[in-house]
> 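This structure is in structure tokens; I'll ask about it shortly.
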Amino acid sequence: MINSVIGKSNPLNHIALIMDGNGRWAKARNKPRTYGHQVAINNLMELINECHKLKIGGVSLFAFSTENWKRPKSEINMLFKYLETFFKKNIKQLMKNDVKIYVSGDYHKLPPSTVKTINQALDLTKNKKGMKLNICLNYGGQDEIIRAIKQLVKSKKEINQINLEKCFASYDLGPIDLLIRTSGEVRISNFMLYQLAYSEMIFYKKPFPDFKINDLHLCLKEYSNRNRRYGGLKNA
């Protein structure tokens with residue numbers, strides 16, 4: 001199945017999603033912004049299951065950025081409630097699929113109930129060996145790099161590429177092969193700056209609540225036709 005969707009030309013080990021457009025999608029339907037987030041969260045597991053079926057090694061999701069604290073408090077609180085519901089509703093299926101959960105970002109600054117739910121999910125899946133699911137919470141790419149450098153300095157280890165990468169929560173996932181951002185915005189918004197160094201990027205027009213399995217397949221097919229050179233002259 002994976003070859004028919006992705007093809008054999010470009011290996012795909014790590015895919016990342018910037019799940020954008022939820023609020024605008026809801027507003028266009030005369031609904032509150034939180035409704036868009038709710039629909040997005042409800043649709044998310046279907047996409048995760050498809051990535052599992054396609055044997056994609058790792059998936060990173062931009063769930064809440066360090067800048068998202070600027071949003072209305074009521075919206076933020078609902079986002080965290082939806083996140084808790086997602087884990088509680090789907091943790092058994094994730095475990096059944098042998099998915100290991102990672103969290104990038106300083107998630108300990110989230111509400112205590114959310115932190116507790118996340119810690120439980122991390123603990124329940126810590127020994128899983130299948131697909132790696134990385135949730136980016138209270139996350140910013142610049143902040144991640146700064147915190148990694150501080151960690152290296154404190155440990156007195158040599159500051160080099162390998163040691164720096166080991167400080168990232170997403171280290172086991174490796175570099176990002178494909179980034180998909182929904183809703184047509186053409187920017188990366190401080191997301192996994194280091195890991196995106198040589199990734200392919202697709203800026204998909206549909207908002208995330210409308211992003212379905214078929215849309216994922218279209219993105220993967222486009223990725224399979226890309227000419228990845230990594231700064232060299234491969235197939236140039």
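Since the structure is predicted, the reported quantities are computational estimates derived from the model, not experimental observations.
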> Run the ring-centre check on Tyr139 versus Trp69 and record whether the distance is less than 6.0 Å.
no
> Just by distance, no angles: are the side chains of Asn30 and Tyr35 close enough, under 3.5 Å, to form a donor-acceptor pair?
no
> Go through the side-chain N and O atoms of Asn42 and Gln38 and say whether any donor and acceptor fall under 3.5 Å apart.
no
> Are Phe62 and Met19 close enough, and set up right, to give a side-chain contact (heavy atoms from CB on, under 4.5 Å), and what steps lead you there?
CA-CA 6 Å; Phe62 204 2; Met19 304 175 289; 5.5 Å; no
> Shortest non-hydrogen contact from Asn43 to Pro209?
ND2-O, 3.0 Å
> Side-chain heavy atoms nearer than 4.5 Å, only ILVMFWY residues, links allowed to pass through others: does that put Tyr223 and Ile180 together?
yes
> Between Thr125 and Ile101, is there a donor-acceptor pair closer than 3.5 Å when you use the side chain of the first and the backbone of the second?
yes
> With side-chain contact (heavy atoms from CB on, under 4.5 Å) as the test, would you mind laying out the steps for Lys150 and Lys154 before giving the verdict?
CA-CA 6 Å; Lys150 287 181 177 179; Lys154 186 176 181 179; over 6 Å; no
> With a 3.5 Å distance limit and no angle check, can you tell me whether Asp177 reaches the backbone of His14 through a side-chain donor-acceptor pair?
yes
> I need the Met192 CE to Glu144 CD distance, nearest 0.5 Å.
6.0 Å
> Count I, L, V, M, F, W, Y as connected when their side-chain heavy atoms are under 4.5 Å apart, and connections chain through other members. Are Phe203 and Leu178 then in the same cluster?
no
> When you compare the side chains of Glu84 and Thr114, does any donor N or O come within less than 3.5 Å of an acceptor on the partner?
yes
> In the structure I gave you, are the side-chain heavy atoms of Asp123 and Lys126 within less than 4.5 Å of one another anywhere?
yes
> Between Arg147 and Asp106, does any NZ, NE, NH1 or NH2 come within less than 4.0 Å of an OD or OE carboxylate oxygen?
no
> Within the side chain of Ser65, is there an N or O that forms a donor-acceptor pair under 3.5 Å with the backbone of Glu67?
yes
> I'd like to know if Val39 and Leu61 are part of one continuous hydrophobic network [Ile/Leu/Val/Met/Phe/Trp/Tyr, side-chain heavy atoms within less than 4.5 Å].
no
> Mind listing the closest non-hydrogen atom pair of Tyr102 and Ala169 along with its distance?
CD2-O, 3.4 Å
> Checking side-chain contact (heavy atoms from CB on, under 4.5 Å) for the pair Leu220/Ile15: CA distance, chi angles, key distance, verdict?
CA-CA 10 Å; Leu220 297 181; Ile15 185 173; 3.9 Å; yes
> CD of Glu46 to SG of Cys51: how many Å apart, nearest 0.5 Å?
11.0 Å
> List the atom of Pro32, the atom of Ala26, and the distance in Å for their closest heavy-atom pair.
O-CB, 3.2 Å
> Determine whether Ile48 and Met131 make a side-chain contact, defined as any pair of heavy atoms from C-beta on separated by less than 4.5 Å.
yes
> Determine the minimum heavy-atom distance between Asn68 and Ile76, stating which atoms define it.
O-CD1, 3.5 Å
> Work out which heavy atom in Thr117 is nearest to a heavy atom in Phe87; give both atom names and the distance.
CG2-CB, 3.7 Å
> Yes or no on side-chain contact (heavy atoms from CB on, under 4.5 Å) for Ser183 and Arg24, after CA distance, side-chain angles and deciding distance?
CA-CA 9 Å; Ser183 198; Arg24 281 165 285 167; 3.5 Å; yes
> Please round to the nearest 0.5 Å and tell me the distance separating atom CG of Leu94 and atom NZ of Lys89.
12.0 Å
> Distance from Ile56 atom CD1 to Lys132 atom NZ, nearest 0.5 Å?
13.0 Å
> Is it possible for you to say whether Ile202 and Leu218 belong to one hydrophobic cluster, with membership spreading through side-chain heavy-atom contacts below 4.5 Å?
yes
> Roughly how far apart are Ile176 CD1 and Tyr198 OH, rounded to 0.5 Å?
15.0 Å
> May I ask you to test the Asp215-Tyr204 pair for a side-chain heavy-atom distance under 4.5 Å?
yes
> Is there a donor in the side chain of Asn134 and an acceptor in the side chain of Ser60, or the other way round, less than 3.5 Å apart?
yes
> Assert yes or no for the condition that the ring centre distance of Phe64 to Phe80 is strictly below 6.0 Å.
yes
> May I have all residue pairs that pass ring pair (Phe, Tyr, Trp, His ring centres under 6.0 Å) and include part of residues 166-186, sequence neighbours excluded?
Phe168-Tyr194
> Does any N or O in the side chain of Thr85 come within less than 3.5 Å of the main-chain N or O of Lys81, such that one atom is a donor and the other an acceptor?
yes
> Asn138 versus Tyr107: any side-chain heavy-atom pair under 4.5 Å?
no
> When you measure from the side chain of Asp98 to the backbone of Lys128, do you find a donor-acceptor pair of N or O atoms at a distance under 3.5 Å?
no
> Any donor-acceptor pair under 3.5 Å linking the side chain of Arg181 with the backbone of Arg187?
yes
> Less than 4.5 Å apart, side chain to side chain, heavy atoms only: is that true for Asn190 and Gln142?
yes
> I would like to know whether Glu50 and Lys212 meet salt bridge (charged side-chain N to carboxylate O under 4.0 Å, His left out); could you show each step before the answer?
CA-CA 10 Å; Glu50 185 65 11; Lys212 307 297 183 181; over 6 Å; no
> For the backbone of Asn163 and the side chain of Asn160, can you confirm whether one donor and one acceptor N or O come within less than 3.5 Å of each other?
yes
> Can you find a heavy atom in the side chain of Ile18 that is under 4.5 Å from one in the side chain of Thr182?
no
> Do side-chain atoms of His52 reach the backbone of Asn97 as a donor and acceptor pair under 3.5 angstrom?
yes
> How long is the gap from NZ on Lys129 to CG on Asn127, to the nearest 0.5 Å?
6.5 Å
> Within the side chain of His37, is there an N or O that forms a donor-acceptor pair under 3.5 Å with the backbone of Leu79?
no
> At their closest point, which heavy atom of Lys88 faces which heavy atom of Ile91, and how far apart are they?
O-CG2, 4.0 Å
> Following the transitive rule for hydrophobic clusters with a side-chain heavy-atom cut-off under 4.5 Å over Ile, Leu, Val, Met, Phe, Trp and Tyr, establish whether Leu173 and Ile135 coincide in one cluster.
no
> Is Ile188 close to Met201 at the side-chain level, that is, under 4.5 Å between some pair of heavy atoms?
yes
> State, with a plain yes or no, whether a side-chain heavy atom of Glu200 is found less than 4.5 Å away from one of Leu179.
no
> More than 12 non-hydrogen atoms from neighbouring residues, nucleotides or ligands closer than 6.0 Å to CD on Glu75, yes or no?
yes
